[in-house]
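These notes are about the structure you will find just below.
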Amino acid sequence: MNALVIDRELWTTSGEALLEDAVALRRAIHAEPELGLDCPKTTAKIKRALEGLPLELREGPSTTGLVAILRGPQNGRTVLLRGDMDALPLREDTGLEFCSQVEGAMHACGHDTHVAMLVGAARALCAQRDRLNGTVVFMFQPGEEGWHGAKYMLEDGLLDDPRPDAAFALHISPNMPAGMFASRTGPLLASADEFEITITGKGGHGAMPHETIDPVPIAAEIVLALQTLVSRKTPPNESAVITVGKIESGTTDNVIPETATLLGTIRTLDERIRTLLHQGIERVATHVALAHAAKAEVEISPGFPVTVCDGRIVALAERTAMALFGEDAWRTMPTPMMGAEDFAYVLQQMPGAMAFLGAVPEGGDYHSCCGLHSNRMVLDERVMARGVAMHCAMAEAFLNGEAVV
Ligand SMILES: [Zn+2]
Ligand SMILES: [Zn+2]
């Protein structure tokens with residue numbers, strides 16, 4: 001393996017120097033979280049932080065996402081760095097001094113840190129513009145938490161010109177040692193689809209079930225039967241999850257309702273298995289209902305595709321993390337995770353990778369501390385210095401011709 005052409009000292013020092021600003025920006029965004037595709041206050045904070053930099057900004061029309069383009073003196077390759085912006089609809093219970101001031105919204109997935117790190121990287125790379133052998137595209141995207149923000153930004157043509165040759169993103173995680181990076185080649189995260197099953201029977205008196213078609217036991221039977229799609233239909237060496245997260249039926253103890261609904265999620269790492277489960281859910285639900293003279297209607301809403309990392313960009317991330325912070329700073333993940341990411345849409349269109357960045361809070365145990373999406377999730381903000389340096393060094397290395405794609 002040849003030595004990486006990056007300036008280790010420059011980027012680690014830049015990351016440290018920008019940490020204070022990154023913490024301030026992260027805290028401001030944390031205190032004022034926004035949901036979905038419409039995050040105007042967050043966009044305004046980003047624009048303020050980027051003011052005066054030699055960036056070309058692009059926005060709209062479908063989201064409040066922002067693309068900032070930095071052109072180096074050379075017309076070389078183009079690399080995309082991405083940070084997501086949106087929060088989650090839950091109440092924060094961390095007790096942090098900068099905790100959410102918005103009832104029912106919290107940055108529990110750390111996207112506030114992603115924005116802060118990407119702004120830091122933009123500032124550091126702008127300061128070193130003259131040494132860049134190409135173009136850096138900074139993608140600030142809202143609507144990651146199930147809103148397909150990346151897909152809308154792609155459809156809006158925000159990444160068409162210049163077309164990036166590769167993409168890189170970081171996701172913070174309290175469940176890893178602070179400052180460690182991790183990823184893997186191939187599937188990193190799962191596809192995530194939502195399904196809703198409506199079972200229609202015939203309502204009536206709770207004491208006279210024989211005169212009704214009770215949808216409740218049918219719903220229960222379907223919940224169990226769906227699990228055999230994972231245990232009996234999915235090849236044992238493949239991964240799949242079917243979770244029924246919500247069951248709804250009835251109003252009181254002595255009335256048999258007419259309908260029951262099931263709401264659930266489907267996770268896979270492979271398009272073939274994804275199709276197999278879609279077809280299986282439809283088949284099992286309708287036929288179990290039919291066996292009891294009821295009717296089941298199945299609606300499947302396709303969500304994020306599988307997040308697939310390109311081996312060349314993962315290898316570059318590994319070498320970059322090690323060059324910046326030593327051998328211990330990288331871990332290759334043995335298996336994917338069954339969570340999902342809408343960065344998957346970007347990776348469908350260009351080779352790239354997402355890496356996790358460990359941020360277990362000081363004194364915490366990364367095995368047992370509150371994870372992403374928890375109302376008590378806290379992070380070690382100091383790792384943002386490493387995130388900034390990693391973004392910058394990845395961009396520099398790729399523009400210098402590393403990771404031929
Ligand atoms: Zn999340
Ligand atoms: Zn996230």
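Reckoned from all heavy atoms, side chains included, excluding hydrogens, waters and symmetry mates. We number each residue from 1, following the sequence as shown. Counting starts at 1 for both ligands and their atoms, following the listed order.
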Exercise. Apply the salt bridge (charged side-chain N to carboxylate O under 4.0 Å, His left out) test between Glu32 and each candidate in Lys45, Arg27, Arg26; give the one that qualifies.
Key: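 The single option meeting the salt bridge (charged side-chain N to carboxylate O under 4.0 Å, His left out) with Glu32 is Lys45.
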Quiz item: Any N/O/S of His111 under 2.8 Å from the Zn ion (ligand 1)?
Solution: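 Not a single backbone or side-chain N, O or S atom of His111 is under 2.8 Å from the Zn ion (ligand 1).
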Self-check item: Any side-chain donor near an acceptor of the partner, Thr42 and Glu34, under 3.5 Å
Solution: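 Indeed, the side chains of Thr42 and Glu34 share at least one donor-acceptor pair under 3.5 Å.
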Quiz item: Are Glu144 and His114 linked by a side-chain donor-acceptor pair shorter than 3.5 Å?
Solution: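 Their side chains do not contain a donor-acceptor pair, so the 3.5 Å distance test is not met.
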Quiz item: Counting backbone and side-chain atoms alike, does His171 have an N/O/S atom under 2.8 Å from the Zn ion (ligand 2)?
Solution: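 Given the 2.8 Å cut-off, His171 counts as a ligand of the Zn ion (ligand 2).
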Practice problem: Please say whether more than 12 non-hydrogen atoms of neighbouring residues, nucleotides or ligands are located less than 6.0 Å from CZ in Arg184. | Solution: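 Correct, the count exceeds 12.
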Quiz item: Restricting to N, O or S atoms of Glu145, which is nearest to the Zn ion (ligand 1)?
Solution: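 Result for Glu145 and the Zn ion (ligand 1): OE2.
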